[in-house]
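Report on the structure given below.
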Amino acid sequence: MGVTGTTNDWATTTLETAVNWARANSLWPMPFGTACCGIEMMAAFMAKYDTARFGSEVMKFSPRQSDLLIVSGRISLKMMPVLQRIWEQMPEPKWCISMGACASSGGVFDTYTLIQGVDQFIPVDAYMPGCPPRPEAFLDALMMVQEKAKKGQAKSQEYVSADASSDPAKSVAYRTPDTHYRHGMDRSTPSREKSGG
Amino acid sequence: MITYKPENHLSLLAKVEAFAGDRLLGREEKSHYHQFKVRGQDAKSLIQFLRDEPGLGFEMFIDLTAVDYLRYPIAQPERFAVITTLLSPTLGIRVQVKAFVAEGDPRLPSLSDLYLGANWTEREVWDLYGIEFMGHPDLKRILMPDDYEGHPLRKDYPLRGRGERGNFPVYHATTQKPQGGV
Ligand code: SF4
């Protein structure tokens, strides 16, 4: 906390710093556990590891009331539009943790149906290696997000500054996941597959 | 509890052989079930016989799946085989009916009027192998997205797909105005 002066009974700071401090210490997670990593995520929330110590014990399965998306598990072709829609529903500012090898890179499942890293399609703030990562790694990622939140940073905010209209290379056709879901994949846009895919 | 009775097996084999005759391409005895191999067009009548013949009573539908024998080292009558597994609570025996389906005309009569359970498994086989079940009430994809093209469990489908998994709109922050697109 950017405290600029203290005595026994008063402190001064900027409003922004105080708000960021409050946000960092009351992250409301939206768990998106689709596979085995979800079990480790649950362990991290339970009494032994206890994320309540970091002020983020309020698991919200309602994206509109949460600001930290935890993608823990495999995301398939059919699940990606759902994940994107959930991410869109979350209010700004928001953060995302990609938990485990599968969410971060597809893991061992290099097949037609699995998304090879959710960071290709939604902004990710912290990655966790491991298959599955231990709850300690989860706490580490949570603290990383807290550090970012204290500085007022979020990966999702970086997209705002990139002006797509001035740089067509950065511009990607924007469709809401809902439209995407109804009309299906647009095969005319170039594939964003990593090389070798 | 189902107990093993050798005479049940013998009567089953005798009845099936009398019914199918030379339509039976082959028969195998596995550790705990019998497998009858037939051509696609003969499969449904054999399954109906197994279900309705008095004394057989294969009333329980266990599973329906398929195999693609493309590049299989041992020669097979056709490229695809659709395998139906049934159980007879009366005899205490499981059977499999293996129906060979040609690559050029992958069609088979649907079993969904005999067994309700065949409805979803046939949709799965259609989705992943592209074998069409004639007479199915609602033959559409069940696992892959509705707009998916191709049947990914066929052996000639590329393992990593045809770029579908990399083809989604990238998320932009909601504070940004939508750019282009729909
Ligand atoms: S990274 Fe490992 S533990 Fe996590 S979802 Fe993938 S396979 Fe399961």
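Letters A, B, ... mirror the listed sequences (proteins, then strands); counts begin at 1.
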**OP:** Measure across Leu114(A) and Arg165(B) and return the closest heavy-atom pair with its distance rounded to 0.1 Å.
**Re:** O-CD, 3.4 Å
**OP:** Can you measure from CG (Asp147(B)) to CG (Leu77(A)) and round to the nearest 0.5 angstrom?
**Re:** 8.5 Å
Original post:
Would the number of heavy atoms belonging to other residues, nucleotides or ligands and lying under 6.0 Å from CD of Glu7(B) be above 12?
Top reply: yes
**OP:** Could you tell me whether Arg23(B) atom CZ has more than 12 heavy atoms of other residues or ligands within 6.0 Å of it?
**Re:** yes
**OP:** Please check if atom CZ in Arg64(A) has more than 12 non-hydrogen atoms from other residues, nucleotides or ligands closer than 6.0 Å.
**Re:** no
Original post:
Parallel, tilted or perpendicular: which fits the ring planes of Tyr157(B) and Tyr112(A), with parallel below 30° and perpendicular above 60°?
Top reply: perpendicular
Original post:
Roughly how far, to the nearest 0.5 Å, is CG of Leu128(B) from OG1 of Thr113(A)?
Top reply: 9.5 Å
**OP:** Would you check if Met144(B) and Lys78(A) make a side-chain contact, meaning some heavy-atom pair closer than 4.5 Å?
**Re:** no
Subject >> Heavy-atom neighbours of Leu116(B) CG exceed 12 at 6.0 Å >> reply: no
Original post:
Any side-chain heavy atom of Arg160(B) sitting closer than 4.5 Å to one from Thr111(A)?
Top reply: no
Original post:
side chain to side chain donor-acceptor pair (under 3.5 Å) with Arg79(B): which residues, sequence neighbours excluded?
Top reply: Asp68(B), Glu103(B), Asp156(B)
